[in-house]
Number of protein chains: 2
Amino acid sequence: MTVTAGESKQVVGSEELALWHVVRRAQARVTRALEAELLVEHDLALASYDVLAQLSGAPERRLRMNDLAERVMLSRSGLTRLVDRLQREGLVERAACADDARGLFAVLTDDGAVRLAEATPTYMRGVRAQFLGVLDERELRRCASALTKLFPDPDPDPD
Amino acid sequence: MTVTAGESKQVVGSEELALWHVVRRAQARVTRALEAELLVEHDLALASYDVLAQLSGAPERRLRMNDLAERVMLSRSGLTRLVDRLQREGLVERAACADDARGLFAVLTDDGAVRLAEATPTYMRGVRAQFLGVLDERELRRCASALTKLFPDPDPDPD
DNA sequence: CTTAAGAGGTTGCACGCGCATCTACATAGT
DNA sequence: ACTATGTAGATGCGCGTGCAACCTCTTAAG
């Protein structure tokens with residue numbers, strides 16, 4: 001701990017903290033833009049898009065609720081409600097699990113697949129426009145590899 | 001648009017999208033950890049910490065509500081409520097603005113400064129542990145510079 | 001001075017989320 | 001078989017947040 005816990009200003013690894021702040025700002029910015037675009041153009045929240053995308057990339061287009069919750073970074077209860085909504089819209093179904101009687105699958109319906117396909121270009125465009133437009137490829141690759149060291153992503157990246 | 005909006009799998013600039021996903025995961029992960037630590041150790045939400053930090057770095061330890069809202073990436077109404085809470089805790093005060101009768105300053109109190117000083121080591125430690133521990137300096141600097149191009153940060157970085 | 005347009009902040013409202021709790025099932029341990 | 005511990009999901013509840021509407025003050029236009 002290189003910190004003195006002083007009155008109000010201390011300097012410690014400012015570059016590292018700067019990166020963290022930049023990441024926060026970037027995330028917030030892109031998330032907002034993406035959310036708004038998806039909502040107006042496809043009436044689809046970003047979290048919903050995430051769910052559909054994960055299911056789409058999964059074998060048999062189905063995932064256990066628990067699994068899915070982890071992948072979309074939601075609490076179990078949060079996912080329960082979200083899947084409720086998506087089910088009401090007919091984009092997702094629940095299916096019992098043969099191996100485990102208490103388990104449930106969230107299954108992407110055909111309608112869900114269609115909505116996902118419709119929304120994906122918007123998603124792509126949003127990310128590229130908001131997030132990547134300015135960066136060149138080498139820098140992107142460096143950032144990705146650097147950050148990936150820390151967070152080995154469990155998603156097979158269905159995009 | 002290099003996207004065909006196909007059935008379920010299309011590939012387009014996978015590195016760029018991968019970076020975006022990594023950033024999202026990183027942000028979520030660190031945010032959660034930070035929030036939890038600050039909450040248990042200092043009974044302070046991350047958003048509250050942000051407000052205190054911004055005020056601490058501002059001249060006269062005060063900022064216009066509008067300004068502050070933008071810096072901490074909250075809507076005006078969101079900030080109104082947050083400052084309400086902080087004011088109830090005595091960490092922040094509201095002060096009228098001489099130049100503009102409808103304007104208000106949020107002002108960091110001494111108690112607020114103390115709480116911030118107490119919490120800052122936890123914040124630092126959390127960021128370093130969760131976010132930076134694995135990365136080496138050069139990579140960090142590259143990421144920072146790359147991302148900063150996109151998001152020129154308005155914060156004077158009070159840390 | 002009067003009016004119109006706009007910006008700063010706050011309030012009503014609804015929504016999405018997490019935590020704690022609960023039920024149902026699973027898997028030991030005896 | 002019986003009990004205990006743990007896991008998968010769902011529900012009650014409270015909280016924080018954004019959007020739209022509102023009020024107040026400012027600024028420009030006539």
Side-chain angles (χ1 to χ4, degrees), chain A residues 24 27-29 31-40 43-52 55 62-89 91-107, chain B residues 24 27-29 31-40 43-52 55 62-89 91-107:
Chain A
R24 281 190 73 185
Q27 197 273 346
R29 187 155 161 169
T31 294
R32 281 178 207 282
L34 229 44
E35 177 94 43
E37 281 185 54
L38 286 173
L39 225 45
V40 38
D43 191 38
L44 207 61
L46 182 54
S48 302
Y49 179 87
D50 287 340
V51 165
L52 299 185
L55 291 179
R62 67 186 53 206
L63 243 38
R64 292 287 294 267
M65 293 292 286
N66 225 339
D67 245 29
L68 187 52
E70 196 177 317
R71 295 203 194 207
V72 300
M73 301 182 299
L74 242 52
S75 67
R76 288 170 194 68
S77 60
L79 183 67
T80 294
R81 321 280 192 171
L82 178 50
V83 168
D84 284 348
R85 281 171 256 148
L86 293 174
Q87 195 167 14
R88 257 177 247 125
E89 289 193 68
L91 307 180
V92 159
E93 287 173 349
R94 271 175 237 248
C97 175
D99 318 13
D100 190 339
R102 72 210 149 144
L104 283 178
F105 284 107
V107 188
Chain B
R24 281 190 75 184
Q27 198 274 345
R29 186 156 162 169
T31 293
R32 282 178 207 282
L34 229 43
E35 177 95 44
E37 283 185 52
L38 286 173
L39 226 45
V40 38
D43 191 38
L44 208 59
L46 182 54
S48 301
Y49 179 88
D50 287 340
V51 166
L52 300 185
L55 291 179
R62 67 186 54 206
L63 243 38
R64 292 288 294 267
M65 293 293 286
N66 226 337
D67 245 29
L68 187 52
E70 195 176 317
R71 295 201 192 208
V72 299
M73 302 182 298
L74 242 52
S75 68
R76 289 172 192 59
S77 60
L79 182 66
T80 294
R81 323 278 194 173
L82 179 49
V83 169
D84 284 348
R85 282 171 256 147
L86 293 174
Q87 196 168 14
R88 256 177 247 124
E89 290 194 68
L91 308 180
V92 159
E93 287 173 349
R94 272 177 238 248
C97 176
D99 320 12
D100 191 338
R102 73 208 149 146
L104 282 179
F105 285 107
V107 188

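Because the structure is predicted, anything quoted here is derived from the model rather than measured. Residue numbers begin at 1 in each chain, while the letters A, B, ... track the order of the sequences.
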B/Asp67/B/Arg62 under salt bridge (charged side-chain N to carboxylate O under 4.0 Å, His left out): CA gap, chis, key distance, verdict: CA-CA 10 Å; B/Asp67 245 29; B/Arg62 67 186 54 206; over 6 Å; no
B/Leu79 CG to D/dC19 P, straight-line distance once rounded to whole Å: 15 Å
Range on DNA chain C touched by chain A, heavy atoms, distance below 4.0 Å: C/dG16 to C/dA26
Nucleotide D/dC15, atom P - distance to CG of B/Leu44 in whole Å: 17 Å
Spacing of A/Glu35 atom CD relative to D/dT17 atom C1', expressed in whole Å: 12 Å
Check: D/dT7 base within 3.5 Å donor-acceptor of A/Arg102 side chain: yes
Atom CZ of B/Arg76 with >12 non-hydrogen neighbours under 6.0 angstrom: no
Sugar-phosphate, base or nothing in reach of A/Arg81, heavy atoms under 4.0 Å: base
For atom CG of A/Leu68 and atom P of D/dG9, their distance in whole Å: 10 Å
Distance, rounded to the nearest Å, where A/Asp99 contributes CG and D/dG9 contributes P: 12 Å
Residue whose closest nucleotide on DNA chain D lies nearer the 5' end, B/Asp100 versus A/Met65: A/Met65
Side chain of A/Ser77 - closest among D/dG9, D/dC25, D/dT11: D/dT11
Integer-rounded Å distance: D/dT17 P and A/Arg32 CZ: 10 Å
Side-chain H-bond candidate by donor/acceptor type, B/Gln87 with B/Arg94, under 3.5 Å: yes
Step-by-step salt bridge (charged side-chain N to carboxylate O under 4.0 Å, His left out) determination, B/Asp99 to B/Arg64: CA-CA 12 Å; B/Asp99 320 12; B/Arg64 292 288 294 267; over 6 Å; no
Separation of atom CG in B/Leu46 from atom C1' in D/dC15, rounded to whole Å: 16 Å
Residue-phosphate contact under 4.0 Å: A/Arg76 side-chain N/O, D/dT7 OP1/OP2: no
